[in-house]
Amino acid sequence: MRWTDESAWDGTRQPLRSATGLDPSAYSSPEFFTLEQERVFERAWVCVGVADELAGPGRLLVRRVGSRSILLTRNRDGELRGFINSCRHRGTELADADCEVANTIRCPYHRWGYSLDGALKATPFFDDIAPDGFDRADFGLVPVRVDTWGVLLFACLSDDTPPLDVWLGDLPRRMGGYDLDSWVSRHEQTLEIAANWKLITENFQEYYHLTWVHPELAKVSRVADHYRYQGAGMYCGQTTTPVSGDERDDWLALPEAPGLDASDATSGRFVAIFPNVILSVLPNHVWLMRLEPVAPGITRETCTMLLPAATGAVTDEAIAPTREFWLHVNAEDVAIVERCQRGLVNGAVPPGPLAPRFEEPLHRFHNMLADCMTADDLALLVVPRGDDPSEPADRWGAGTNPAPPTIDLDTLVTGP
Ligand code: FES
Ligand SMILES: [Fe+2]
């Protein structure tokens with residue numbers, strides 16, 4: 001299968017009602033994985049952490065993006081910076097784990113030193129006899145594009161990819177009422193899951209499995225209360241309105257964020273930003289999962305709880321019900337996606353149909369994947385538009401999707 005050719009994506013390119021899922025090799029083949037790392041993760045805007053992990057100058061984060069290791073830091077003015085994690089002398093990896101570096105990123109090999117802006121500042125013993133024409137200004141760290149939305153940190157290894165605000169489209173505007181810039185984080189859990197990264201985000205995007213895999217979650221997030229929540233942008237989503245506390249109060253245990261409008265105050269927003277970040281946004285907390293593909297059948301998942309600044313200092317005891325609820329739900333999801341992975345690896349089963357009522361976001365996600373895999377240049381990427389308002393609402397749920405804010409699509413959609 002030539003995954004860079006459109007012909008390999010026939011099932012994905014069909015309209016939803018005749019579309020199929022991905023070929024099993026997309027979840028298990030080393031060749032597909034390598035190509036996907038290059039064409040998706042080394043060109044997309046990839047979430048690499050949250051702001052609190054990089055609270056001030058001197059902190060250095062080491063993150064993997066595709067096959068590359070990158071460094072993230074803040075300069076003296078607090079601005080986010082990203083670099084390839086390789087020394088400009090003879091290429092040594094500069095850091096192998098998150099650490100404090102004060103003012104200087106030092107190479108452990110021959111102690112070349114770089115400022116927090118990546119400028120080469122120190123070259124021991126070069127002052128006596130320097131190489132011909134040597135100028136430190138020519139040997140700064142190789143920069144990587146970085147940007148932020150809310151408390152999320154993003155990096156992009158390609159210079160051609162549209163900027164992050166085009167990538168995210170109308171999502172920041174739709175979620176503007178939560179004031180996510182000010183939320184604080186608590187790291188909860190990092191898991192190594194025996195499943196391909198796509199199975200984890202696909203599982204999050206559909207609520208078809210809710211009743212059987214999560215009998216407890218289904219009590220607060222009822223299937224009948226789910227609607228699509230997709231505007232123009234590289235994301236897939238659903239919303240639950242209302243967030244019900246009828247039988248359990250796990251989601252309502254913490255105080256609500258201040259200033260929410262009536263819709264945000266009564267809804268759960270479940271958004272998967274392509275490719276690797278999953279957000280469950282509730283009126284009083286966010287459960288964030290960041291995915292890092294390790295191998296075709298292994299994914300590292302970092303779970304973080306975000307809290308509004310006003311309630312960020314609450315005790316561990318206060319957040320325990322909410323935290324335990326999510327860890328429990330996540331354990332159920334991990335078990336089922338690992339089982340799905342085993343089934344996909346086990347047999348040469350051709351891809352099956354998608355459930356139109358529940359799995360439309362997967363169809364959208366698969367098409368984003370196909371777009372990235374087949375595009376020679378992401379500068380030409382067409383950011384998908386939002387849910388088609390001509391579709392009858394009752395085809396998708398028992399009510400009406402909340403109307404998306406009015407936006408000028410032409411300012412967001414790139415390419416031909
Ligand atoms: S390789 Fe980094 S200083 Fe020599
Ligand atoms: Fe689930």
Side-chain angles (χ1 to χ4, degrees), residues 60 62 69 71 83-96 99 101 104-115 118-131 134 136 138-142 189 191 193 195-223 225-226 229 236-240 243 248 250-251 268-272 277-282 287-289 291 299 301 303 324-341 354-355 358-359 361-362 365:
L60 193 66
V62 181
S69 174
L71 300 175
F83 310 106
I84 296 291
N85 185 10
S86 300
C87 179
R88 291 297 308 277
H89 175 217
R90 280 173 45 211
T92 301
E93 178 185 78
L94 292 162
D96 57 6
C99 57
V101 292
T104 308
I105 302 167
R106 287 191 200 284
C107 178
Y109 205 167
H110 314 99
R111 300 297 280 181
W112 280 27
Y114 302 88
S115 76
L120 179 60
K121 294 293 185 194
T123 49
F125 303 120
F126 263 46
D127 289 343
D128 307 345
I129 308 174
F134 179 75
R136 284 180 187 163
D138 297 333
F139 294 95
L141 295 178
V142 176
Q189 194 180 60
L191 294 168
I193 299 173
N196 184 271
W197 69 276
K198 294 187 291 297
L199 290 183
I200 300 168
T201 182
E202 287 171 9
N203 174 71
F204 172 85
Q205 290 170 31
E206 56 95 347
Y207 52 99
Y208 194 12
H209 71 276
L210 199 62
T211 311
W212 305 287
V213 176
H214 308 297
E216 294 300 314
L217 176 62
K219 292 177 185 170
V220 289
S221 186
R222 295 176 303 200
V223 170
D225 297 330
H226 280 67
Y229 185 71
C236 305
Q238 336 138 20
T239 182
T240 308
V243 175
R248 297 178 59 114
D250 308 274
W251 280 7
R269 318 292 193 195
F270 304 94
V271 175
V277 60
I278 295 170
L279 288 170
S280 298
V281 181
L282 282 301
W287 187 259
L288 161 71
M289 294 188 287
L291 306 178
T299 304
E301 179 185 83
C303 302
E324 295 306 319
F325 182 72
W326 278 114
L327 293 177
H328 176 75
V329 168
N330 199 39
E332 292 171 337
D333 280 323
V334 168
I336 201 69
V337 297
E338 289 187 336
R339 190 166 181 148
C340 190
Q341 179 78 23
L354 299 171
F358 302 99
E359 295 179 315
L362 273 66
F365 170 76

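Order of listing sets the numbers, starting from 1, for every ligand and every atom in it. Only a predicted model underlies this, so the values are computations on that prediction, with no experimental measurement involved.
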Checklist entry - Does a donor on one side chain sit under 3.5 Å from an acceptor on the other, for His328 and Glu332? => result yes
Next on the checklist: As a quick check of understanding, evaluate side chain to side chain contact (heavy atoms under 4.5 Å, CB included) for Phe204 and Phe270, giving each step before the final call.
Outcome noted: CA-CA 8 Å; Phe204 172 85; Phe270 304 94; 3.7 Å; yes
Checklist entry - By number and element, which atoms of ligand 1 are closer than 4.0 Å to a non-hydrogen atom of Trp112? => result 3 (S)
Checklist entry - Nearest to atom 4 (Fe) of ligand 1, which N, O or S atom of His110 do we find? => result ND1
Checklist entry - With respect to atom 4 (Fe) of ligand 1, what is the nearest N, O or S atom of His89? => result ND1
Next on the checklist: Give me the nearest non-hydrogen protein atom to atom 1 (S) of ligand 1 as residue plus atom name, then the distance to 0.1 Å.
Outcome noted: Thr92 OG1, 3.2 Å
Checklist outcome for this item: When every non-hydrogen atom of Val337 is compared with those of Ala195, the smallest separation belongs to O-CB, 3.6 Å
Checklist entry - With a cut-off of 2.8 Å, does any N, O or S atom of Asp333 fall short of it relative to the Fe ion (ligand 2)? => result yes
Checklist entry - Is it true that Trp112 and Phe126 have ring centroids separated by less than 6.0 Å? => result yes
Checklist outcome for this item: Numbered in order shown, the ligand 1 atoms found under 4.0 Å of a heavy atom of Cys87 are 1 (S), 2 (Fe), 3 (S)
Next on the checklist: Closer than 3.5 angstrom, by distance alone: can the side chain of Gln238 be matched with the main-chain N or O of Gln205 as a donor-acceptor pair?
Outcome noted: yes
Item to check | Whether Cys107 has an N, O or S atom under 2.8 Å from atom 4 (Fe) of ligand 1 | outcome: no
Checklist outcome for this item: Tightest non-hydrogen contact, residues Arg88 and Tyr114, listed as N-OH, 2.8 Å
